[in-house]
2 protein chains.
Amino acid sequence: MGLSDLFRALGDETRREILRLLTRGDLTAGEIADRFNLTKPTISHHLAVLKQAGLVQDERRAQYVVYSLNTTVFQDLAGWLLELTCSGPGSGRARKNEPGGQ
Amino acid sequence: MGLSDLFRALGDETRREILRLLTRGDLTAGEIADRFNLTKPTISHHLAVLKQAGLVQDERRAQYVVYSLNTTVFQDLAGWLLELTCSGPGSGRARKNEPGGQ
DNA sequence: CCCATAATTAGACCACCATCTAATTAGACA
DNA sequence: TGTCTAATTAGATGGTGGTCTAATTATGGG
């Protein structure tokens, strides 16, 4: 739900690679697991983390569970980025800050 | 250096709050520490993590160490975001992906 | 030189996390 | 129903991370 979950989810190389794979199209859990030198339970865990962070969605289809990107959350990320980078020096014009100041 | 360091650094609420403070202007380590209910060593640790990730810079000024935002890294983040969101379905037009499809 | 202040480093502690193997649930089908 | 495949959950383990207290380094002023 929160930004911490989001960033922590993105802080793992394997999970970012999963996201990259999903930009090419939806994949089942097994198809994803086949791309890595990790066990299925480990990948299942990573998928759960990504899902918890809202970065992916899953949908049961027969025996398979199909995962897909949730691009909505990336907008939240972009929003956070903008808010941070546009509210500081550059928008308001900052004064050179002396250590003793206030 | 890497994206993992960057995201992991951003995965902590305290560190994001430090970044937000720094958008208002440069601050000394002590001034930053005063804003939190945490000890100075803890804040010092967080600042080291942010510095390691390239998110802040520090500069010794007399007895003080002044910290400032390094906005360059946010461009890396924005670049990563764009690359991920623009290389998938939406730029190339994706077909609905059936599970059995290779 | 010695002391006071600013900040970091060292070391310990507990929680969380990535990973594995083994066991369990879910669904299809004969 | 029984069994096969897909996927997750349970439980264990080693490593990392956030926090603290205590000790150490760095700087300026009498």
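Quick note on labels: first sequence line is chain A, next is B, and so on, each numbered from 1. Source: prediction; values computed, not measured.
- Considering only side-chain atoms of K40(B), the nucleotide from dT8(D), dA7(C), dA10(C) that sits closest is dA7(C).
- A donor-acceptor contact shorter than 3.5 Å is absent between the side chain of R15(B) and the backbone of H46(B).
- If you find the closest nucleotide of DNA chain C to A48(B) and to P41(A), the one lying nearer the 5' end belongs to A48(B).
- Ring-plane geometry between W80(A) and F74(B) is classed as tilted, the angle between the planes lying from 30 to 60 degrees on a 0 to 90 degree scale.
- Judged by distance alone, with hydrogens and angles left aside, the side-chain atoms of R24(B) form no donor-acceptor pair with the main-chain N or O of R20(B) at under 3.5 Å.
- At the phosphate of dT8(D), OP1 or OP2 sits under 4.0 Å from a side-chain N or O atom of S44(A).
- With contacts defined as side-chain heavy-atom distances shorter than 4.5 Å, the pair L22(A)/I32(A) qualifies.
- We find that CG of L50(B) is positioned 13 Å from C1' of dG18(D), with the value rounded to whole Å.
- Listed nucleotides dT19(D), dG27(C), dC20(C) differ in distance to T42(A); the shortest reach to its side chain belongs to dC20(C).
- Following rounding to the nearest Å, L27(A) (CG) and dA6(D) (P) show an atom-to-atom distance of 15 Å.
- A straight line from CG of D58(A) to C1' of dG27(C) spans 16 Å, rounded to a whole angstrom.
- In this structure, Y64(A) atom OH and dT8(D) atom P are separated by 14 Å, rounded to whole Å.
- Summarising the geometry, the separation between CD on E59(B) and P on dA7(C) is reported as 13 Å, rounded to the nearest angstrom.
- When each of dA18(C), dA6(C), dT21(D) is scored by its nearest atom to the side-chain atoms of D12(A), the top-ranked nucleotide is dA18(C).
- Looking at R16(A), its side chain does come within 3.5 Å of a backbone N or O of L10(A) through a donor-acceptor pair.
- Nucleic acid contact for H45(A): base, since at least one base atom lies under 4.0 Å from a heavy atom of the residue.
- Here dA18(C) is the nucleotide among dA18(C), dT19(D), dT9(D) with the atom lying nearest to any side-chain atom of R15(A).
- If you measure from atom CZ of F36(B) to atom P of dG18(D), you get 14 Å, rounded to the nearest angstrom.
- Judged by closest nucleotide on DNA chain C, V49(A) is the one of V49(A) and R60(A) placed further toward the 5' end.
- As judged by a 4.0 angstrom heavy-atom cut-off over every strand, Y67(A) is placed among residues touching the sugar-phosphate backbone only.
- With rounding to whole Å, I43(A) atom CD1 is found 8 Å from dT19(C) atom P.
- The distance between atom CZ of R61(B) and atom P of dG28(D), rounded to the nearest whole Å, is 13 Å.
- Proximity of T39(B) to the phosphate of dT19(D): no side-chain N or O atom is located under 4.0 Å from OP1 or OP2.
- Between R8(A) and V65(A), it is V65(A) whose nearest contact on DNA chain D lies nearer the 5' terminus.
- A sub-4.0 Å separation between OP1 or OP2 of dA7(D) and a side-chain N or O of T28(A) is present.
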